[in-house]
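Computed from a prediction, not measured in an experiment: that's the story for all the values here. By convention in this document, chain letters (A, B, ...) are assigned in the order of the sequence lines, proteins followed by strands, and residues within each chain are numbered from 1.
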2 protein chains.
Amino acid sequence: MTEAHTSTELAIEKLREAILSGELLPGDRLHQDRLAEMLGISRTPLRAALTTLAQTGLVSYESNRGFYVREFSIAEVSGAFEVRAELEAMACRLAAANMTDAARKYLADLVAEGDRLLEPGALLPENLGAYRRMNVNFHTAVMDLSGNAWIRTFVQSLHNVPAASDRVIMWRDFRVIERSHDDHHRIARALAKGQGERAAAIMREHITFALEHLDLQLKLYPQDFLRMPSPDKPAKGRKASRSKRSSE
Amino acid sequence: MTEAHTSTELAIEKLREAILSGELLPGDRLHQDRLAEMLGISRTPLRAALTTLAQTGLVSYESNRGFYVREFSIAEVSGAFEVRAELEAMACRLAAANMTDAARKYLADLVAEGDRLLEPGALLPENLGAYRRMNVNFHTAVMDLSGNAWIRTFVQSLHNVPAASDRVIMWRDFRVIERSHDDHHRIARALAKGQGERAAAIMREHITFALEHLDLQLKLYPQDFLRMPSPDKPAKGRKASRSKRSSE
DNA sequence: AATACAATTTTTGGATACATTAAGCGAAAC
DNA sequence: GTTTCGCTTAATGTATCCAAAAATTGTATT
């Protein structure tokens, strides 16, 4: 699938991973010469990658001044959830009118997969990746079923907001996970029966609560969010991030 | 205002204009050497511009195959309106809670400006630009008042869908314009009074109707809108791309 | 001492030259 | 006659070099 083997695409992947995993911190200056050397490529593909990421929203750019890892305010993070809630609720409303037997089965299978992963009475570490994938697939499926490709496009780009990313499922409370998965059950059933508004309402709350919960977690365990652990690649030793200008 | 000093930004502007104005047709191959020469720049900034536009959604790209002017299906165009309706309705709901006296005055001024432009009993050609700007400013203002920056970001990118662009106000029927502007009146008043849901409902219909009307216009005067992709549609496979026009 | 200004250094933006990839074409094999 | 392989060619991807802009430093003037 991912036969992305142009230097530019490689750089995009590497940089995205570095940013979402917290290896590069918000506000960090992205020095072209140094970054290019680090990645072992020249500045041309690097600049192409940065340009792409800038449009994606992961990095910011000012002409003649360079690229920075984008910083997101609390308002932007919660705004991302707000919009996600609205768009995915919309997806539910539309999807309800497009349900086929195949669609019903696909959603049911995903939900059943979730049941299986939660059966132990806890979300075991070795199941976390699978659960996360299931979750992503479920939400993606609903959006695809909506028949409106823009929804998925925009929600996708909201996932580039670090704390709003799909990869963040740091639910410590199993009851929260159970409830969340129960939402999936209900959404799938509502859609199967063509109850679009009902599915939309559940979905909206499903995502709105995720923000509320993130907010709580942020207050309880702030340190966990400064650097997100990457599932496959642990963050490498970061070079000294020298002090930002604190004056002014 | 648009002091586009860097070549890349200039190229972005030029290309965007060329695409949205229909000078470049959907499906057209964007040949780097030729385009660079046409624009009087080298391939480096051109590629940067194309990369940006590709992320923006105006052009499509396949590695090692090049850039094309993106083609939008009817479904994507109407999907764009659907999402716009939802997002701008959402903006109304949020904005209603953020109204200040300054905001009320700003919206009122825009509406009054519209009144002035429509007073002649017709939208005179020399007023079309001003009316379009007023319209853009009104919608933008509501989105900004929502306090959620993502809304504006996404709606902005929906305006890159050629037929869904702000620039398309080809309303031939003055009554349609009057009604549309009356919607603006009501939205402004509703927001001023904090009636978020009401404003949202009007806004949703305001945009939904725009799609319906576009649809109608499309059937009546198809040639005015999309100078649709030429007879030979290069779907994947390389075809004789003899679509080059006049100047050589 | 502080500020304004000029020269130097650093960094980004752009042009050109080179490498790589893939589409187009033709000859040879079956 | 058809297919397959390899060569040709044209276009894309990358590296390097040069120019322009910004940041920085140092100096001189008030």
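Residues satisfying the side chain to side chain contact (heavy atoms under 4.5 Å, CB included) criterion with B/F81, sequence neighbours excluded, are B/V77, B/R84, B/A164, B/I207, B/A210, B/L211, B/L214. In this view, B/D33 satisfies the salt bridge (charged side-chain N to carboxylate O under 4.0 Å, His left out) rule with no residue, not counting sequence neighbours. In this view, B/T208 and B/A85, B/R204, B/E205 satisfy the side chain to side chain contact (heavy atoms under 4.5 Å, CB included) rule, not counting sequence neighbours. Considering only residues two or more places apart in sequence or on other chains, B/E113 meets the side chain to side chain contact (heavy atoms under 4.5 Å, CB included) condition with B/R116, B/L117, B/M134. Not counting sequence neighbours, the partners of B/E82 by the side chain to side chain donor-acceptor pair (under 3.5 Å) test are A/N148. Every side chain to side chain contact (heavy atoms under 4.5 Å, CB included) that A/R152 has, sequence neighbours left out, goes to A/T140, A/M143, A/D144. Every side chain to side chain donor-acceptor pair (under 3.5 Å) that A/D109 has, sequence neighbours left out, goes to A/K105.
Note on the helix from C/dA1-D/dT30 to C/dC30-D/dG1: terminal axis deviation equals 10°, with five pairs used at each end and the result rounded to 10°.
Checking each of B/L58, B/L35, B/T52 against B/L15 for a side chain to side chain contact (heavy atoms under 4.5 Å, CB included) leaves exactly one that passes, namely B/L35.
Identified under the side chain to side chain donor-acceptor pair (under 3.5 Å) test for residues 58-69 of chain A, with sequence neighbours left out: A/S63-B/E9. Every pair tested for ring pair (Phe, Tyr, Trp, His ring centres under 6.0 Å) that includes a residue from residues 11-32 of chain B fails, sequence neighbours excluded, so the list is empty.
Atom CG of B/L46 and atom C1' of C/dG13 are 14 Å apart (whole Å). Rounding to whole angstrom units, CG of residue B/D33 and P of D/dT12 are separated by 7 Å.
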For this session: Take nucleotides 13-25 of chain D nucleotide by nucleotide from the 5' end and write B, S or -, depending on whether a protein heavy atom sits under 4.0 Å from the base, only from the sugar-phosphate, or from neither.
Result: BBBB----SSS--
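Contacts with DNA chain D (heavy atom under 4.0 Å) in residues 48-57 of chain A: none are found.
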